[in-house]
Asks: 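Encoded as structure tokens, here's the structure I'll be asking about.
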Amino acid sequence: MNFEAVIGLEIHVEMKTKSKMFSSAPIDFNAAPNSLVNAVDMAFPGIMPAVNKQAVINAIRVSNALHMTIDHTIVFDRKNYFYSDLPKGYQITQDKRPIGRDGYLEVKVNDTVKRIGIERLHMEEDTCMQHHLTDCTLLDYNRAGIPLIEIVSRPEIRSGLEAMKYVEKIREIVTYSGVSNGKMEEGSLRCDVNVSLRPVGSEKFGTKVEIKNLNSIANIERALDYEVKRQEEILLAGKKVIQETRRYDEAEKATIRMRLKTDAVDYKYFTEPNITPIVLSEQFVKTAIATCPELYDEKVRRFTANYGLSEYDISVLLLDQGIADYYDQAAKYTKNYKVLANWIIGDVSGYLNREIIKIEEFSISPERLADLVNIINEGKVSNKQGREIFEKMLLSLDDPEKIANDNHMIQISDDSFLLPIVSEVLDANAQSIDDYRNGKDRALGFLVGQVMKKSQGKANPKLASQMVLEELKKRI
């Protein structure tokens with residue numbers, strides 16, 4: 001029997017805001033534990049939550065990017081569940097009226113574009129960070145109350161690869177819109193997966209298994225591929241899949257049972273009484289969307305149209321938003337877009353990786369790198385010399401042309417200077433001229449090399465090659 005996987009994803013995204021979802025407490029991941037907490041976060045009696053305006057703007061921007069219908073009335077609910085990691089003992093979330101609903105996302109899988117439906121996007125608050133020790137658990141309330149959006153897909157994903165592509169697209173949207181840093185390894189983007197199997201052609205869902213806290217995009221694919229295979233083997237053996245919550249163990253490369261799961265928990269939602277419904281004006285929603293930073297797909301289209309870069313080059317540059325911005329800045333000072341991309345993808349990224357630093361910490365400004373690209377393209381220095389200049393630029397604030405001049409690297413592109421050298425080389429190498437006349441093309445390379453040698457490496461190689469060829473044609 002052939003089975004079909006039915007996969008749905010719930011993604012929690014921590015938003016980049018200055019303060020928390022319902023309090024004025026600041027957010028800083030590097031702060032000392034429990035140093036960024038106020039009375040609202042600790043649920044002191046009489047406290048009143050106030051909705052973070054930027055969080056609402058962020059949720060509107062992501063909803064729009066996901067083609068969702070945006071609810072212009074903000075309503076929050078209480079989720080009454082025992083939260084040991086929230087002082088209130090309940091969570092403020094959006095149950096009945098998520099800010100976004102009925103959207104979709106298109107992902108490219110094996111050269112085929114697939115549309116995956118998205119059921120809802122709602123705002124809520126994060127829980128605190130728990131540190132489990134041998135005999136106790138420590139709680140850091142700095143994270144309690146950080147604004148979250150939860151994005152819930154429809155069960156329309158059929159493989160681990162599709163799930164991975166889906167999460168990649170979500171991460172592109174939330175990072176390029178400035179909503180989140182999208183770092184799964186730091187918990188800014190957390191993913192839970194529901195997966196079941198059913199016979200191909202059946203409309204009835206199988207028993208659902210949840211995989212929680214997947215911490216990398218690669219692990220999403222690995223965990224799902226493993227889980228699909230595990231469930232398939234169970235079903236083919238005539239056994240039943242057990243409804244449970246599992247986790248992915250990287251060392252074992254397997255999903256491991258965390259706990260059995262019974263029927264859906266009754267969270268006893270009710271409308272949050274301390275936050276009255278907020279009606280958003282049409283202008284507020286339009287402005288939130290209009291002021292959204294350029295999204296990933298928009299940037300791909302612009303890089304293609306304006307810079308003529310290949311799909312591969314663009315995908316590499318856009319892997320890091322900081323590098324994409326750096327390229328954009330540098331491109332203002334040169335028209336050699338492809339060469340500039342090569343430098344950033346190659347030498348610059350290599351240096352950043354070696355030094356383990358981000359592009360924001362890189363000492364060469366976009367303008368100086370563009371200047372280096374320009375003097376190489378103008379033939380003032382060779383590619384090899386360009387790399388030597390690049391190394392010196394890392395230690396100096398001088399512009400690349402000054403470094404080239406100070407180190408006698410500027411190539412000679414003056415015909416009147418090079419012509420006597422070319423003539424002298426040809427006069428001294430009659431055999432090479434005969435060789436070239438007899439079809440031995442390598443003779444040309446030898447003669448150009450002699451010109452470079454006599455000019456002490458200062459001749460423009462392109463011009464030298466052109467002049468040797470012209471002089472050769474006159475003599476054969």
Side-chain angles (χ1 to χ4, degrees), residues 303-310 312-313 327 330-348 350 364 366-393 396 398-476:
F303 274 35
T304 304
N306 293 2
Y307 304 136
L309 297 179
S310 68
Y312 171 78
D313 286 344
Y327 179 87
K332 294 177 181 175
Y333 303 99
T334 182
K335 299 296 182 187
N336 305 301
Y337 303 128
K338 170 59 179 170
V339 179
L340 176 64
N342 290 346
W343 268 90
I344 294 177
I345 291 171
D347 295 74
V348 173
I364 298 177
E367 183 176 0
R368 290 176 73 216
L369 184 71
D371 288 345
L372 175 60
V373 169
N374 287 336
I375 64 172
I376 294 172
N377 190 65
E378 290 164 7
K380 292 181 178 177
V381 297
S382 67
N383 278 316
K384 181 182 177 185
Q385 290 169 323
R387 289 194 165 79
E388 293 177 25
I389 294 169
F390 176 78
E391 294 296 326
K392 295 181 185 301
M393 288 169 70
S396 164
D398 289 340
D399 67 66
E401 189 158 359
K402 182 178 186 308
I403 293 174
N405 276 315
D406 290 349
N407 291 275
H408 311 292
M409 292 179 180
I410 292 293
Q411 293 183 154
I412 298 170
S413 299
D414 184 345
D415 290 17
S416 62
F417 177 84
L418 290 180
L419 187 55
I421 297 176
V422 171
S423 297
E424 186 180 343
V425 167
L426 292 182
D427 290 344
N429 292 279
Q431 183 59 50
S432 293
I433 297 174
D434 284 341
D435 289 344
Y436 185 77
R437 183 185 292 115
N438 293 324
K440 296 180 179 178
D441 291 341
R442 65 175 182 275
L444 174 62
F446 171 77
L447 293 168
V448 173
Q450 293 302 303
V451 172
M452 295 301 296
K453 186 176 179 182
K454 276 195 171 295
S455 70
Q456 298 180 321
K458 294 180 179 178
N460 181 326
K462 186 176 178 182
L463 180 59
S465 178
Q466 179 185 330
M467 293 181 69
V468 168
L469 186 60
E470 288 173 357
E471 289 303 307
L472 268 176
K473 288 178 179 176
K474 292 177 184 175
R475 299 190 184 200
I476 59 178

Asks: Taking it one step at a time, do Leu340 and Ile344 satisfy side chain to side chain contact (heavy atoms under 4.5 Å, CB included)?
Replies: CA-CA 6 Å; Leu340 176 64; Ile344 294 177; 4.1 Å; yes
Asks: Taking Ser396 for its side chain and Met393 for its backbone only, find out whether a donor-acceptor pair lies under 3.5 Å.
Replies: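 No, because the side chain of Ser396 does not come within donor-acceptor range (under 3.5 Å) of the backbone of Met393.
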Asks: Check whether any side-chain N or O of Asn407 sits under 3.5 Å from a backbone N or O of Met409 as a donor-acceptor pair, and report yes or no.
Replies: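 No.
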Asks: Once side-chain hydrogen bond (donor to acceptor under 3.5 Å, both in side chains) is applied, do any residues pair with Asn336, and if so which ones, sequence neighbours excluded?
Replies: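 Only Thr334, Asn374, Asn377 meet the side-chain hydrogen bond (donor to acceptor under 3.5 Å, both in side chains) criterion with Asn336.
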Asks: To check you understand the geometry: which heavy-atom pair defines the closest contact between Pro400 and Leu372, and what is its length?
Replies: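 The pair with the smallest heavy-atom distance is CG-N, 3.5 Å.
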Asks: Kindly say whether Arg475 contributes a backbone atom to a donor-acceptor pair with the side chain of Arg437 at under 3.5 angstrom?
Replies: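 The answer is yes, because a donor-acceptor pair under 3.5 Å joins these two groups.
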Asks: Using every non-hydrogen atom in the two residues, find where Tyr333 and Ala370 come nearest and quote the distance to one decimal.
Replies: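 Taking Tyr333 first and Ala370 second, the nearest heavy atoms are CB-CB, 3.6 Å.
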Asks: Indicate the atoms forming the closest heavy-atom contact of Leu309 with Ala341, along with that distance.
Replies: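 For Leu309 and Ala341, the tightest heavy-atom pair comes out as CD2-CB, 4.0 Å.
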Asks: Could you pull out the closest heavy-atom pair between Val381 and Gln385, with the gap in Å?
Replies: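 So the minimum-distance heavy-atom pair works out to CA-OE1, 3.5 Å.
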Asks: Anything under 30° is parallel, anything over 60° is perpendicular, the rest tilted; go ahead and classify Phe303 against Tyr327.
Replies: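 The arrangement is tilted - the two ring planes meet at 30° to 60°.
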Asks: Any carboxylate oxygen within less than 4.0 angstrom of a Lys/Arg side-chain nitrogen, looking at Lys474 and Glu471?
Replies: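 Looking at Glu471 together with Lys474, the answer is yes, because their closest N to O distance falls below 4.0 Å.
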Asks: Could you tell me whether Asp371 and Arg368 make a salt bridge, using a distance below 4.0 angstrom between a side-chain N and a carboxylate O?
Replies: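 So Asp371 does not pair with Arg368 through a salt bridge.
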Asks: Would you give the length of the straight line joining atom CD of Gln466 to atom CG of Leu469, rounded to the nearest 0.5 angstrom?
Replies: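 If we round to the nearest 0.5 Å, Gln466:CD and Leu469:CG are 8.5 Å apart.
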Asks: So which atom in Val448 and which in Pro461 form the shortest heavy-atom distance, rounded to 0.1 Å?
Replies: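 Scanning both residues completely, I find the closest heavy atoms to be CG1-O, 4.5 Å.
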Asks: Please walk me through it: do Leu447 and Val422 pass side chain to side chain contact (heavy atoms under 4.5 Å, CB included)?
Replies: CA-CA 8 Å; Leu447 293 168; Val422 171; over 6 Å; no
Asks: Assess whether side chain to side chain contact (heavy atoms under 4.5 Å, CB included) is satisfied between Val425 and Phe446, documenting all intermediate values.
Replies: CA-CA 10 Å; Val425 167; Phe446 171 77; over 6 Å; no
Asks: Is it the case that the side chains of Asp435 and Gln431 hold a donor-acceptor pair, with the cut-off being a distance below 3.5 Å and no angle test?
Replies: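 Yes, because at least one side-chain N or O of Gln431 sits under 3.5 Å from a partner of the opposite role on Asp435.
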Asks: Please step through side chain to side chain contact (heavy atoms under 4.5 Å, CB included) for the pair Leu369 and Phe390, ending with a clear verdict.
Replies: CA-CA 8 Å; Leu369 184 71; Phe390 176 78; 4.2 Å; yes
Asks: So, for Leu418 and Ala459, which heavy atoms are closest and what is the spacing to 0.1 Å?
Replies: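 Heavy atoms only, the tightest pair is CD2-CB, 3.6 Å.
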Asks: A side-chain contact here means heavy atoms from C-beta on lying under 4.5 Å apart; do Pro366 and Lys332 qualify?
Replies: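 They are not in side-chain contact.
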Asks: Under a 4.5 Å cut-off applied to non-hydrogen side-chain atoms, are Val339 and Ile376 in contact?
Replies: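 They are not in side-chain contact.
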Asks: Does Ser382 offer a backbone N or O that forms a donor-acceptor pair with the side chain of Gln411 under 3.5 Å?
Replies: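 Yes, the answer is positive, given that a donor and an acceptor are paired below the 3.5 Å cut-off.
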Asks: Distance from Lys380 atom NZ to Asn405 atom CG, nearest 0.5 Å?
Replies: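 Rounded to the nearest 0.5 Å, the NZ-CG separation comes out at 8.5 Å.
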Asks: Taking the side chain as C-beta and beyond, is there a heavy-atom pair between Ile375 and Ile410 under 4.5 Å?
Replies: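 Heavy-atom side-chain distance check fails, nothing below 4.5 Å.
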Asks: So does Leu419 get a backbone contact from the side chain of Ser423, meaning a donor-acceptor N/O pair under 3.5 Å?
Replies: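 Judged by distance alone, yes, a pair lies under 3.5 Å.
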Asks: Contact between Leu444 and Leu472 at the side-chain level, heavy atoms closer than 4.5 Å - yes or no?
Replies: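 Result yes, sub-4.5 Å side-chain heavy-atom pair found.
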